Enquirer: 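One structure, pasted below without further comment.
All values derive from a computational prediction rather than experimental measurement. The analysis underlying the following values was restricted to heavy atoms, covering all of them including side chains, and did not include hydrogens, waters or symmetry mates.
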Amino acid sequence: SQHHRDRFHGLFLLESAAHTAQGRRRFPARPLTLRTAGNWPEPVPSDFLPVHFSTLFYQIWSKKLNIHFGYFRWGDNPFRLEPMLGSMNDFVAAQLGISHTEKCHVLDLGCGFGATVAHLQKQFPNASFTGINHDPAQVIMAASQCPTARFICSDFQKNELPSSSFDSAFALESACFAEGETKSKLLEEAARLLRPGGKLVVVDGFRKHQEHLPKLVNWLHEKCIAAWGMESLPPGGGIVEEMKKQGFDAVKVQDISWNM
C-alpha cells in the first residue's frame with residue numbers, strides 16, 4: 001500500500017561505470033530444469049555445476065566470481081583486484097546497515113554467481129540471504145557457492161516472491177540492465193518486496209547530467225552500452241525521482257567514482 005511505501009528508505013550510489021550481474025541470457029552446456037520462486041529444489045547437487053564460456057570469462061576477472069568493479073579505499077594496493085571486490089561487498093553491507101547480531105532477510109537483486117551473497121553470509125551468519133537472477137547457469141553456480149542462502153531463477157523486475165518479505169535489498173551493478181530509463185519496474189518491485197521501513201541500496205553507473213555529449217564521447221558511450229547489452233545508461237537524477245515516486249524517502253546520493 002502507499003502507506004507502507006512511504007516508510008521505505010533508499011540509498012542511491014553513483015559509479016563511473018557498470019558491469020553485468022543480470023547480463024545477457026546464457027545457458028549451461030547440458031539440459032537444466034529450474035523451478036520458480038517457491039519451489040526451488042535444495043540442496044543443489046555438488047557435481048551439477050555447468051561450465052560454460054561466461055563462467056570461465058568471469059573467473060579471469062575474479063576467482064570468486066565477483067562480477068562488479070570493486071571499491072578502492074585509500075591505502076589499498078590498486079594492483080590487487082580481489083580484495084577491492086571484497087571491499088565493495090563490505091561497502092554495500094555497511095550502507096544496508098546489516099547487524100552482526102540481529103536477524104534480518106536481505107535480497108540481492110541480480111545476484112550473478114552469488115559471490116556477494118557468499119561473502120556477506122560469512123560476515124553476517126545471523127542474516128538470511130536470497131539472490132535472484134534470470135540466468136539458470138549462474139543461479140546453479142550461486143547455490144554451490146553459498147548453500148545456506150536461497151537463489152531464485154526469475155526476473156528481478158517481476159517475480160513470485162511474497163510482498164513485504166525482506167528487511168533490505170540491494171542491486172550491485174545490476175540495475176542498469178533493468179528496463180526503462182528510470183528503471184521504474186525494478187524500483188516498483190523492490191518497493192513491493194521490502195517491509196515497511198526497509199532499505200534499498202543501488203550501486204551502479206549513471207549519467208551525471210543530461211547535456212549533449214561531444215561526438216566522440218557519445219560514440220564511445222553508445223558502443224559501451226551496446227557491448228554490455230544495456231538499453232541505456234540511466235540518468236542519476238531520474239532514478240532519484242523515480243525512487244521518491246515509488247515511496248522511498250530519505251534518498252541519499254553518494255558519488256564513489258574516485259573509488260572505482
Side-chain angles (χ1 to χ4, degrees), residues 1-2 4-15 17-25 36-37 67-69 88 92 95-96 105-114 116-117 129-135 138-139 142 150-207 225 228-254:
S1 68
Q2 188 62 43
H4 283 172
R5 289 186 180 184
D6 287 342
R7 297 173 60 190
F8 290 129
H9 300 282
L11 175 63
F12 171 69
L13 302 170
L14 292 171
E15 286 187 6
H19 195 62
T20 181
Q22 283 282 107
R24 295 178 179 175
R25 187 178 296 274
T36 54
I67 47 178
H68 54 76
F69 280 105
M88 175 59 83
V92 169
Q95 305 309 311
L96 288 172
H105 199 171
V106 183
L107 175 63
D108 184 349
L109 293 158
C111 64
F113 293 101
T116 299
V117 168
F129 290 90
T130 296
I132 186 168
N133 191 339
H134 72 190
D135 187 319
Q138 291 188 8
V139 170
R150 184 186 186 204
F151 294 95
I152 306 301
C153 185
S154 188
D155 186 351
F156 67 172
Q157 301 173 109
K158 185 177 178 59
N159 54 77
E160 300 176 11
L161 291 169
S163 300
S164 302
S165 54
F166 295 94
D167 299 294
S168 58
F170 66 92
L172 175 52
E173 298 187 25
S174 59
C176 57
F177 295 96
E179 297 177 18
E181 190 169 63
T182 62
K183 314 305 177 186
S184 57
K185 288 186 178 180
L186 174 62
L187 295 175
E188 182 179 7
E189 185 70 350
R192 181 186 72 82
L193 294 170
L194 286 169
R195 296 187 178 109
K199 182 182 287 187
L200 172 66
V201 171
V202 178
V203 183
D204 224 313
F206 300 91
R207 298 199 308 273
I225 288 174
W228 289 114
M230 297 184 291
E231 289 184 5
S232 64
L233 199 61
I239 298 292
V240 171
E241 291 305 312
E242 186 62 39
M243 292 182 81
K244 293 178 180 178
K245 181 180 177 181
Q246 296 298 336
F248 291 94
D249 60 14
V251 178
K252 175 184 175 184
V253 179
Q254 184 177 346

Enquirer: May I ask you to decide if Cys176's main-chain N or O and Lys183's side chain share a donor-acceptor pair within less than 3.5 Å?
Expert: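 Side chain of Lys183 to backbone of Cys176: a pair is present.
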Enquirer: Looking at Ser184 and Glu242, what are the two nearest heavy atoms and their distance?
Expert: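 The pair with the smallest heavy-atom distance is CB-OE2, 3.3 Å.
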Enquirer: What distance do Leu194 atom CG and Gln246 atom CD have between them, rounded to the nearest 0.5 Å?
Expert: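 Output value for this atom pair is 12.0 Å.
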Enquirer: To check you understand the geometry: which heavy-atom pair defines the closest contact between Val139 and Ile152, and what is its length?
Expert: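 The answer is CG2-O, 3.9 Å.
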Enquirer: Looking only at non-hydrogen atoms, find the nearest pair between Glu189 and Phe156 and report the distance.
Expert: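 Shortest heavy-atom separation between Glu189 and Phe156 comes out as CG-O, 3.6 Å.
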Enquirer: Which is it for Val251 and Lys244 under the side-chain contact (heavy atoms from CB on, under 4.5 Å) test, yes or no, and what are the steps along the way?
Expert: CA-CA 8 Å; Val251 178; Lys244 293 178 180 178; 4.2 Å; yes
Enquirer: Considering only heavy atoms from C-beta outward, does the side chain of Thr130 approach that of His105 to under 4.5 Å?
Expert: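 Yes, side chains in contact.
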Enquirer: Can you tell if the side chain of Gln95 reaches within under 4.5 Å of the side chain of Val203, non-hydrogen atoms only?
Expert: no
Enquirer: Within the side chain of Arg192, is there an N or O that forms a donor-acceptor pair under 3.5 Å with the backbone of Leu161?
Expert: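 Between the backbone of Leu161 and the side chain of Arg192 there is a qualifying donor-acceptor contact (under 3.5 Å).
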Enquirer: Keeping Gln157 on the side-chain end and Ala178 on the backbone end, is there a donor-acceptor pair under 3.5 Å?
Expert: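 It does not hold such a pair.
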Enquirer: Could you measure the distance from the SG atom of Cys153 to the CG atom of Asp135? Nearest 0.5 Å is fine.
Expert: 7.5 Å
Enquirer: How many angstroms lie between atom CD1 of Ile132 and atom CZ of Arg150, to the nearest 0.5 angstrom?
Expert: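 Going from the CD1 atom of Ile132 to the CZ atom of Arg150 covers 9.5 Å.
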Enquirer: Looking at Val106, Leu193, Leu200, which one forms a side chain to side chain contact (heavy atoms under 4.5 Å, CB included) with Phe166?
Expert: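 The option that passes is Leu193.
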Enquirer: Is a salt bridge present between Glu181 and Arg207, judged by a nitrogen-to-oxygen distance below 4.0 Å?
Expert: yes
Enquirer: What distance do Leu107 atom CG and Phe129 atom CZ have between them, rounded to the nearest 0.5 Å?
Expert: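 Nearest 0.5 Å value for the CG-CZ distance: 11.0 Å.
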Enquirer: Would the distance check show the side chain of Asp204 and the main-chain N or O of Ala175 forming a donor-acceptor pair, the cut-off being under 3.5 Å?
Expert: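 Yes; at least one donor-acceptor contact below 3.5 Å.
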Enquirer: Any heavy-atom pair between the side chains of Val253 and Val240 that's under 4.5 Å?
Expert: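 When only atoms from C-beta onward are counted, Val253 and Val240 do touch, with a gap below 4.5 Å.
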Enquirer: Do you know the tightest heavy-atom contact between Phe151 and Val117?
Expert: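 Smallest heavy-atom distance, with atoms named: CZ-CG1, 3.8 Å.
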Enquirer: Of all the heavy-atom pairs spanning Gly112 and Ala142, show the shortest one and how long it is.
Expert: O-CB, 4.2 Å
Enquirer: Between CG of Leu186 and CE of Met243, what distance do you get to the nearest 0.5 Å?
Expert: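 It comes to 9.5 Å.
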Enquirer: For residues Phe113 and Gln138, report the shortest heavy-atom separation together with the two atoms involved.
Expert: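 For Phe113 versus Gln138, the nearest heavy atoms are CE2-CG, 3.5 Å.
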Enquirer: Do Val202 and Ile239 have side chains that get closer than 4.5 Å, going by heavy atoms?
Expert: no
Enquirer: Can a salt bridge be assigned to the pair Glu188 and Lys185 using a cut-off of 4.0 Å between side-chain N and carboxylate O?
Expert: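 Between Lys185 and Glu188 there is no salt bridge, as every charged N stays at least 4.0 Å from the carboxylate O atoms.
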